[in-house]
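Positions are given from 1 along the sequence. The structure presented is a predicted model; accordingly, all values stated were derived computationally and were not measured.
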Amino acid sequence: MQTRPFGKTGESFPILSFGGQRIVDEHNCTEEEAIAIVNTAIDRGIRYFDTAWIYSEGQAETRLGKVVKHRRSEMWIATKTSDTTRDGARRQLEGSLIRLQTDYVDEWRLHNVWDHARLDAFTGKDGALEAAVQAREEGLVRHISISGHSDPQVLVEALNRFPFDSALIALSALDHFILSFAEEFLPIANARGVATIGMKVLGLGSLTHDVERSLRYSFGLPISTVIVGMETMVQLEQNLAIAESFTPMTDAERLAFFKDIIHLVRPEKMPWKATDWENPSEWIP
Ligand SMILES: NC(=O)c1ccc[n+]([C@@H]2O[C@H](COP(=O)([O-])OP(=O)(O)OC[C@H]3O[C@@H](n4cnc5c(N)ncnc54)[C@H](OP(=O)(O)O)[C@@H]3O)[C@@H](O)[C@H]2O)c1
């Protein structure tokens, strides 16, 4: 699998990485299956694992931790705080470290920064960013990150406020057309050496009828790596096969793909662009 540098960290990762949200009962994945999928992912070359305590209230982290315990040196672990306050975020980090069975995480993210008010809360006085800086000084966290899938300008503003090491952003082909992180965020992040991780590449299910072209589109962007949420061995094998044989789309292939999916660029197919996922009328565009 092709590998790429991860910002200024000195690390490089394969283009396919592991989204750890779905290795839980809620997605019909047993603990035994979850452990087998994560072990196979590592055996096949995947190194980067994304998770968060809010994924099934700790179950996703707990299951990942059962592999981390045995294979820590082979894994890059990114987890998150959804609590915007310094003290609340610190408590989340301490819980994550216990569930993940490790003394430190490689990356800790400010989770889902959808608007300027949430960014202010994270980065303001007594906000979670203060906890992140302190945790980095203590060696509990190696790199500080941010994530967002709604509005690229909020994350551009975040980079102006703090030298984040990385950003996890929505980079599906559907995102190309609306509040585009590819157009508005990637050029700025790349110029500053900020590592970039793509998500929503299968559109949370909206693009699973065309996995190969969806992954090829996202792998072809100027990004560090792509996380895909995988909850079965079949999905892992299919995504690995596409990543291992990756060649960039030609302009003609990309245009043909866009023509086939543009009808999906609408609120009910892209709920991550809404401030309220249950209410498409709150769609930001
Ligand atoms: N703000 C944030 O920081 C944030 C928010 C959400 C998620 N995340 C992270 O991002 C990761 C990826 O999640 P996402 O939201 O971006 O979703 P996604 O990767 O666009 O979609 C994941 C879904 O695609 C389906 N899938 C995966 N491989 C497949 C294959 N080969 N064939 C058919 N279907 C396949 C599975 O759905 P089925 O259920 O249909 O099998 C899977 O649950 C998560 O695991 C999590 O780690 C971060």
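For W108, there are no side-chain hydrogen bond (donor to acceptor under 3.5 Å, both in side chains) partners two or more places apart in sequence or in a different chain.
Other members of the hydrophobic cluster containing F6, listed by chain and number, are F13, Y48, W76, L168, I197, M199, I227; membership follows side-chain contacts under 4.5 Å among ILVMFWY residues, whether direct or relayed. Taking Ile, Leu, Val, Met, Phe, Trp and Tyr as hydrophobic and joining them when side-chain heavy atoms fall under 4.5 Å apart, one finds W53 in a cluster with I54, Y55. Applying the under-4.5 Å side-chain rule to Ile, Leu, Val, Met, Phe, Trp and Tyr, the cluster around V24 consists of that residue alone.
Within the structure, the salt bridge (charged side-chain N to carboxylate O under 4.0 Å, His left out) test picks out the following pairs touching residues 206-218 (sequence neighbours left out): D210-R213, R213-D260, R216-E253. For residues 213-240, every residue pair satisfying the ring pair (Phe, Tyr, Trp, His ring centres under 6.0 Å) rule, not counting sequence neighbours, is listed here: Y217-F258, F219-F246.
I23 places none of its side-chain heavy atoms less than 4.5 Å from the side chain of T51. Within the 4.5 Å cutoff, side-chain heavy atoms of Q235 are placed close to those of T232.
Checking each of R192, R142, K8, R136 against D165 for a salt bridge (Lys or Arg N to Asp or Glu O under 4.0 Å) leaves exactly one that passes, namely R136. When each of E137, E138, E130 is paired with Q134, the side chain to side chain donor-acceptor pair (under 3.5 Å) condition holds for E138 and for no other.
Hydrophobic clustering, with ILVMFWY side chains joined whenever heavy atoms are under 4.5 angstrom apart, keeps I98 apart from L100. Hydrophobic clustering of Ile, Leu, Val, Met, Phe, Trp and Tyr side chains at less than 4.5 Å, counting indirect connections, keeps L171 apart from L255.
The local environment of CD in E57 is sparse, with at most 12 non-hydrogen atoms from other residues, nucleotides or ligands closer than 6.0 Å. Under a cut-off of 6.0 angstrom, the local environment of CG in D103 is sparse, with at most 12 non-hydrogen atoms contributed by other residues, nucleotides or ligands.
Summarising the geometry, atom OG1 belonging to T196 is positioned 5.0 Å from atom CG belonging to N190; distances are rounded to the nearest 0.5 Å. A distance of 11.5 Å separates CG in L174 from OG in S180, rounded to the nearest 0.5 Å.
Using a distance-only test at 3.5 Å, with no hydrogens or angles considered, a donor-acceptor pair links the side chain of R118 to the main chain of H111. Between the side chain of S218 and the main chain of V201, no donor-acceptor pair closer than 3.5 Å is present.
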